[in-house]
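Note sheet for the following structure.
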Amino acid sequence: MFEGLSDRLSGILSGLTRRGALTEADVTAAMREVRRALLEADVSLEVVRSFTEAVREKAVGAVVVKSVTPGQMVVKIVNDELVAMLGTEAGIIDLNAPAPVAILMVGLQGSGKTTTTAKIARRLSGREKRRVLLASLDTRRPAAMEQLAILAKQVEVESLPIVAGQSAVQIARRAMEAARLGGFDVVMLDTAGRTTVDDALMAEAAEVKAVTNPHEVLLVADALTGQDAVITARAFDQRIGITGIVLTRMDGDSRGGAALSMRAVTGKPIKLVGTGEKVDALEEFHPARVANRILG
Ligand code: GDP
């Protein structure tokens with residue numbers, strides 16, 4: 001994760017810290033390199049612009065007040081701006097609502113939505129001792145429903161029995177009812193994915209949202225798709241309203257552009273990241289730690 005960017009930034013910033021005094025021109029030149037490094041990491045142009053401008057302004061100010069170690073000051077400013085760009089709070093799933101709390105999982109097909117649903121269920125039932133019910137609303141793909149049932153067994157949580165012929169909204173209602181009657185704490189609804197953002201997909205997810213009143217709407221997006229993941233998140237947020245993002249395949253993403261742009265572009269936090277195919281490959285997203293890793 002972030003290897004390429006991390007190497008580039010360390011190179012640029014150590015060039016600054018090695019020098020005793022810095023001029024405004026030094027800072028401007030360094031920011032030009034930072035800008036190039038971020039663009040090569042596939043960070044969105046608007047995010048790169050506002051980031052480098054914020055750092056430049058603050059850094060020039062720091063240089064002007066003749067800080068004892070101007071280079072260190074610049075590194076600290078870059079670090080703080082990275083954290084601001086990534087969001088300040090740690091990514092946790094909010095279950096603070098009357099049970100059963102509904103979590104709606106949305107995203108494109110192949111993003112890792114079903115796997116992520118099982119990973120989160122495992123975490124909530126294991127670590128947080130919640131009773132979790134899983135339900136697949138993917139009425140067009142029976143295989144996807146089966147897959148969720150199999151994953152549910154694997155992570156030792158219950159899944160809603162599959163009844164053929166029901167619509168997504170009917171299944172969602174049945175899941176909420178089963179959860180109420182069965183005393184479940186959490187219901188996770190795995191909505192149907194499509195290969196592209198289409199109207200039917202959005203309308204169905206919006207309808208499910210309206211009848212289940214979810215406390216969290218999590219968009220699952222594939223980090224490897226870079227800026228497409230960010231565009232997808234924005235589209236889902238505009239149409240359905242999301243509360244957070246889970247970025248999958250971070251294990252294969254050495255550039256990090258989606259992770260770095262997501263918060264600034266969508267305004268929504270990355271709550272968790274998927275780091276592998278196994279059901280335990282899920283990590284919380286801590287902006288400060290990520291910034292440290294990038295600059296480390
Ligand atoms: P869905 O169509 O969005 O429900 O996608 P799936 O959950 O079926 O996942 C598609 C593929 O991506 C599967 O082979 C998963 O094992 C894999 N996958 C999901 N999350 C991750 C991840 O974080 N890292 C890696 N390497 N693979 C993942």
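If you're wondering where the values come from, they're calculated on a predicted model, not measured in any experiment. In listed order, ligands and their atoms are each counted from 1.
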- Does the side chain of Ile92 come within less than 4.5 Å of Glu284's, by heavy atoms? yes
- Any side-chain heavy atom of Phe285 sitting closer than 4.5 Å to one from Val246? no
- Taking only residues two or more places apart in sequence or in another chain, which ones pass side chain to side chain contact (heavy atoms under 4.5 Å, CB included) with Arg249? Asp222, Leu224, Asp251
I'd like to know if the side chain of [X] pairs up with that of [Y] as donor and acceptor (distance under 3.5 Å, no hydrogens or angles considered).
| X | Y | value |
| --- | --- | --- |
| Thr243 | Glu216 | yes |
| Asp190 | Thr114 | yes |
| Glu277 | Thr115 | no |

Check each of [options] against [atom] and report the one with the nearest heavy atom.
| atom | options | value |
| --- | --- | --- |
| atom 27 (N) of ligand 1 | Glu277, Lys119, Met250 | Glu277 |
| atom 10 (C) of ligand 1 | Arg249, Gln109, Lys113 | Arg249 |
| atom 1 (P) of ligand 1 | Gly110, Ala143, Ala118 | Gly110 |
| atom 20 (N) of ligand 1 | Leu148, Thr195, Val106, Thr248 | Thr248 |

- Item | Location of contacts on Asp251 toward ligand 1, heavy atoms closer than 4.0 Å | side chain
- Between Val220 and ligand 1, which part of the residue brings a heavy atom under 4.0 Å of the ligand: side chain, backbone, both or neither? neither
Under a 4.0 angstrom heavy-atom cut-off, which atoms of ligand 1 come close to [X]?
| X | result |
| --- | --- |
| Leu108 | 3 (O) |
| Thr275 | 23 (O) |
| Gln147 | 8 (O) |
| Thr115 | 6 (P), 7 (O), 9 (O), 15 (C), 19 (C) |
| Ser111 | 3 (O) |

- Message: If I apply the N/O under 3.5 Å rule, does Gly274 come out as touching ligand 1?
- Response: yes
- Message: Would the distance check show the side chain of Arg35 and the main-chain N or O of Val48 forming a donor-acceptor pair, the cut-off being under 3.5 Å?
- Response: no
- Item | From CG (Leu86) to NE2 (His286), nearest 0.5 Å | 12.5 Å
- Task: Check Ser111 against Thr248 and note the closest heavy-atom contact, atom names and distance.
- Result: O-OG1, 2.6 Å
- If you scan protein heavy atoms around atom 22 (C) of ligand 1, the nearest is Gly276 O, 3.1 Å
